[in-house]
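Report on the structure given below.
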Number of protein chains: 2
Amino acid sequence: MTAYQIFTSEQAMRFADEHSELFGEHSKLSATEFGDGNLNLVFRVVNDKGTSLIVKQALPYARCVGESWPLSTDRARIEAEVLKLHARFCPEHTVEVLHFDRALSAILMEDLKQYDILRTALIKGKQFAHLAPQLANYLANTLFYTSDFVLTGPAKKAAVAQFTNPDLCLITEDLFFTDPYCNHERNTIHSLILPSARALWYDTDLQAEVAMLKADFLSKPQALLHGDLHSGSIFINNENCKVIDAEFGFYGPIGFDVGVLIGNLLINYVASPGVFKTPEEQSQQQHYLLTQIHTLWQHFADTFSQLQQTATQDPTLQNSRYQQRFLQQVFTDAIGYAGCELIRRTVGLAHVADLERISDAKQRAVCEIHALTLGRVLILERAQLDSITALLDKVQRTVAAIAAP
Amino acid sequence: MTAYQIFTSEQAMRFADEHSELFGEHSKLSATEFGDGNLNLVFRVVNDKGTSLIVKQALPYARCVGESWPLSTDRARIEAEVLKLHARFCPEHTVEVLHFDRALSAILMEDLKQYDILRTALIKGKQFAHLAPQLANYLANTLFYTSDFVLTGPAKKAAVAQFTNPDLCLITEDLFFTDPYCNHERNTIHSLILPSARALWYDTDLQAEVAMLKADFLSKPQALLHGDLHSGSIFINNENCKVIDAEFGFYGPIGFDVGVLIGNLLINYVASPGVFKTPEEQSQQQHYLLTQIHTLWQHFADTFSQLQQTATQDPTLQNSRYQQRFLQQVFTDAIGYAGCELIRRTVGLAHVADLERISDAKQRAVCEIHALTLGRVLILERAQLDSITALLDKVQRTVAAIAAP
């Protein structure tokens with residue numbers, strides 16, 4: 001076994017060549033590193049015919065959160081194993097892992113160069129009808145087949161142990177659930193919304209609900225989550241979407257994956273007035289997003305419910321009333337996590353381009369306040385929002401009701 | 001390291017002598033095996049001055065459930081480590097482990113020969129005012145200090161992995177949650193109550209609630225549980241009680257430990273008319289049990305709440321509204337698990353002496369039907385029983401309302 005060493009382009013190329021049949025004997029290879037370099041190296045290895053693969057290597061240090069933060073390279077193993085397991089249950093929408101080397105913390109995987117990052121596509125106003133049904137399919141299959149509905153108690157416990165991911169979970173525990181609700185130095189808050197951000201620090205009602213959601217994140221290992229399903233972890237083109245970047249994977253509450261994705265679509269929703277020029281474009285985008293969220297939940301719930309009814313192994317969990325209530329609770333949880341995502345992407349450490357690229361500071365502040373207000377309402381009222389139409393209605397009313405500053 | 005071998009009395013004696021300072025150089029030792037021999041060997045090693053210790057060794061096979069059932073001797077490690085950790089947080093009420101040998105799966109521990117088994121004491125009508133406050137103290141401290149309130153995310157995840165206990169959890173998953181609600185060959189059902197037992201197999205409302213409780217048992221690792229806190233796992237005398245037999249320990253829902261204990265007190269409650277001769281004795285015993293349950297919950301809740309307020313480390317979980325709701329949910333869960341314990345001890349595989357020792361079959365059937373009826377009501381109505389007085393009121397009314405057959 002090779003000892004860990006940080007790849008040069010040359011080494012990445014050799015790694016790709018060695019562990020795939022793709023390039024052939026007489027290929028001339030080249031490699032370019034294009035990761036952000038804080039957490040991982042990402043190389044595209046390409047031959048003279050344009051065939052390419054990706055080599056992703058976890059770095060042994062982490063400047064990921066703007067400061068030194070201990071981060072095990074075991075996250076590369078987690079990522080590779082989550083992707084492989086998810087691909088077993090939904091190969092269409094999971095990036096393909098061709099090889100993983102534990103000592104090198106390096107993954108060889110398919111190149112999605114024919115795809116766009118979903119966040120970029122959303123910001124450009126590119127609309128795809130297959131977005132929601134495909135991601136619903138991914139979520140329902142990967143989450144159902146790794147859950148207590150299917151696994152025996154012992155198999156589930158072994159899986160929980162296999163996917164124990166303390167370092168990356170800690171990032172979420174802190175950045176997602178703690179920092180935005182206090183005056184933390186890691187937060188980035190644009191000055192125009194400081195009063196609204198500050199209000200979160202004293203909102204004990206909201207904090208009580210966030211505590212419940214955090215407690216579930218800590219202690220509700222329902223299924224093997226992707227763990228970071230924002231619109232930068234999804235690639236899309238005219239036919240397909242594929243999920244990448246599963247290094248935050250762990251056993252957690254099913255609503256977390258669903259909710260983070262919905263939250264990201266809602267971030268684009270509140271950002272639309274700053275992103276798109278004309279009212280027509282804005283309203284068309286917002287309509288598109290609401291339709292996608294509707295389809296996402298409906299298709300997810302239908303698929304998951306179908307799987308519950310036909311593929312549940314545990315006899316106790318075959319009870320249909322229990323199954324319906326389980327799914328309802330997933331919905332409630334998802335709304336809460338969507339709300340948290342809206343808030344933490346606005347006032348926490350990790351901001352997103354949907355909001356950040358709005359160059360007019362006042363316009364951006366309006367959108368950010370919409371994000372905070374909507375996030376808060378979703379967290380507080382999630383238990384009352386008992387259907388997807390109730391949720392979407394609440395989204396529209398909440399955003400419409402916020403007075404322009 | 002010695003290889004595993006089943007102890008003879010001689011070897012148990014030597015093990016005890018080697019790993020303690022208790023006996024002294026010129027002691028003459030003797031050892032007697034007095035375990036039930038199905039799961040474990042239990043030796044009392046005693047010297048000529050009457051000083052004694054217990055050697056408990058896990059057997060590599062298990063006839064525990066009436067048939068061959070694979071059962072890892074790793075349970076001895078779990079037992080030793082749970083007892084040592086619980087003793088760190090509540091030494092007064094946890095049996096002291098002096099030595100554990102992993103290869104031999106053998107534990108050397110203090111001898112509680114000055115104590116009675118709680119179940120035996122309850123059946124004899126022995127009443128101890130310190131029962132409830134001491135066990136409340138044990139529960140509150142062991143459960144709080146192993147929970148998310150205290151442990152960091154990474155420390156908690158390491159603890160969950162350390163106490164992963166698939167074999168023993170599977171026994172509970174099956175015997176506690178599944179078997180009693182279907183016609184399973186492992187069940188033992190006295191013929192006079194067959195119609196009532198059979199009703200459980202078709203009670204889909206009840207089964208939906210049991211599914212929720214099982215799902216939480218599978219996926220709610222709130223704290224390091226004892227995992228089997230029935231009245232045979234507790235020793236008591238005039239001054240003190242001590243908890244033993246932690247081989248079912250794992251990270252699970254806090255309400256499980258609390259509920260199993262309450263369930264066992266309630267089993268004695270419904271058994272009282274069969275156990276005690278005069279109506280005075282019966283009513284005195286039942287009054288004692290209700291008082292103890294009241295004190296148990298009240299003292300547990302007060303202590304746990306005090307710990308939440310003063311010793312919570314996670315800033316997000318310091319929110320007082322969240323803490324109150326957490327405790328309320330523990331109560332709801334506990335009532336549900338108490339109900340399951342009443343049912344599974346009546347129609348499942350593992351019966352208890354409180355009911356089994358009632359020699360008049362008709363009288364026993366009456367008590368058993370009370371157990372089933374009460375168990376069912378507690379499971380179904382647990383969310384509405386929002387205080388300990390509401391619970392105890394419900395217990396009295398439910399049992400009083402059952403018509404004599």
Side-chain angles (χ1 to χ4, degrees), chain A residues 70 147-149 151-158 160-162 164-167 169-174 177-179 181-182 184 204-223 250-254 314-326 329, chain B residues 70 147-149 151-158 160-162 164-167 169-174 177-179 181-182 184 204-223 250-254 314-326 329:
Chain A
S147 76
D148 292 317
F149 288 105
L151 301 183
T152 64
K156 164 80 178 316
K157 286 166 185 69
V160 169
Q162 178 186 355
T164 298
N165 195 357
D167 286 9
C169 282
L170 185 62
I171 292 178
T172 306
E173 285 151 25
D174 288 340
F177 295 106
T178 302
D179 295 4
Y181 307 95
C182 64
H184 202 285
T204 53
D205 288 359
L206 182 64
Q207 288 163 3
E209 299 298 331
V210 173
M212 291 191 67
L213 291 161
K214 181 175 186 179
D216 278 358
F217 185 86
L218 291 165
S219 289
K220 197 168 168 177
Q222 291 181 321
F250 78 110
Y251 262 81
I254 288 177
D314 185 321
T316 307
L317 306 185
Q318 284 169 359
N319 180 284
S320 68
R321 186 164 322 176
Y322 164 72
Q323 293 178 347
Q324 287 159 29
R325 251 198 271 160
F326 181 92
Q329 186 61 50
Chain B
S147 76
D148 291 317
F149 288 105
L151 301 183
T152 64
K156 164 79 179 313
K157 286 167 185 66
V160 170
Q162 179 186 353
T164 298
N165 195 357
D167 287 7
C169 282
L170 186 61
I171 292 178
T172 306
E173 285 151 26
D174 288 340
F177 295 107
T178 302
D179 295 2
Y181 306 95
C182 63
H184 201 287
T204 53
D205 288 359
L206 181 65
Q207 288 164 3
E209 300 297 331
V210 172
M212 293 191 66
L213 291 162
K214 182 175 186 178
D216 279 357
F217 185 86
L218 290 165
S219 290
K220 197 166 168 178
Q222 291 181 321
F250 77 112
Y251 261 82
I254 289 177
D314 185 320
T316 306
L317 306 187
Q318 284 168 1
N319 180 284
S320 68
R321 187 163 321 177
Y322 164 71
Q323 293 178 346
Q324 286 160 30
R325 251 198 274 160
F326 181 92
Q329 186 62 50

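So you know, we letter chains A, B, ... as the sequences are listed, proteins then strands, and number each from 1.
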Start with the C-alpha distance between B:Lys214 and A:Asp314, add both sets of side-chain angles, then the distance that settles salt bridge (charged side-chain N to carboxylate O under 4.0 Å, His left out), and finish with yes or no. CA-CA 10 Å; B:Lys214 182 175 186 178; A:Asp314 185 321; 2.9 Å; yes

Please look at B:Glu173 and chain A and tell me whether the side chain, the backbone, both or neither of the residue comes under 4.5 angstrom of a heavy atom of that chain.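 It is the side chain, since no backbone atom gets that close.
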
Leading residue by heavy atom contact count with chain B [cutoff under 4.5 Å; candidates [options]]:
{"options": "A:Gln329, A:Glu209, A:Gln324", "answer": "A:Glu209"}
{"options": "A:Thr316, A:Thr178, A:Val210", "answer": "A:Thr316"}
{"options": "A:Ala208, A:Pro166, A:Ser147", "answer": "A:Ala208"}

Considering all heavy atoms of both residues, which atom of A:Leu218 and which atom of B:Lys157 are nearest to each other, and what is their separation?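 So the two residues come closest at CD2-NZ, 4.3 Å.
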
At their closest point, which heavy atom of A:Pro154 faces which heavy atom of B:Leu170, and how far apart are they?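 For A:Pro154 and B:Leu170, the tightest heavy-atom pair comes out as CD-CD1, 3.9 Å.
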
Roughly how far, to the nearest 0.5 Å, is CZ of A:Phe177 from CG of B:Leu317?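 Reported value, rounded in 0.5 Å steps: 10.5 Å.
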
Whether the side chain of B:Asn319 engages the backbone of A:Thr204 through a donor-acceptor N/O pair (distance < 3.5 Å, no angle test) should be reported.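 Yes.
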
Could you tell me whether the side chain of A:Ser219 reaches within less than 4.5 Å of the side chain of B:Lys220, counting heavy atoms only?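 Heavy-atom side-chain distance check fails, nothing below 4.5 Å.
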
Can you tell me which portion of A:Pro315 sits under 4.5 Å from chain B's heavy atoms? Options are side chain, backbone, both or neither.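 It is the side chain, since no backbone atom gets that close.
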
A:Asp216 versus chain B, heavy atoms under 4.5 Å apart: side chain, backbone, both or neither?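 When you check distances to chain B, no heavy atom of A:Asp216 falls under 4.5 Å.
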
Side chain to side chain donor-acceptor pair (under 3.5 Å) against A:Thr164, all qualifying residues, sequence neighbours excluded: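 None.
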
Among B:Arg325, B:Gln318, B:Gln222, B:Gln323, which residue forms the greatest number of heavy-atom pairs with chain A at distances under 4.5 Å?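 Of the options given, most contacts go to B:Arg325.
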
For B:Ala155, all residues meeting side chain to side chain contact (heavy atoms under 4.5 Å, CB included), sequence neighbours excluded: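 Here the qualifying residues are B:Leu151, B:Thr152.
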
Start with the C-alpha distance between B:Asp205 and A:Arg321, add both sets of side-chain angles, then the distance that settles side chain to side chain contact (heavy atoms under 4.5 Å, CB included), and finish with yes or no. CA-CA 8 Å; B:Asp205 288 359; A:Arg321 186 164 322 176; 2.6 Å; yes

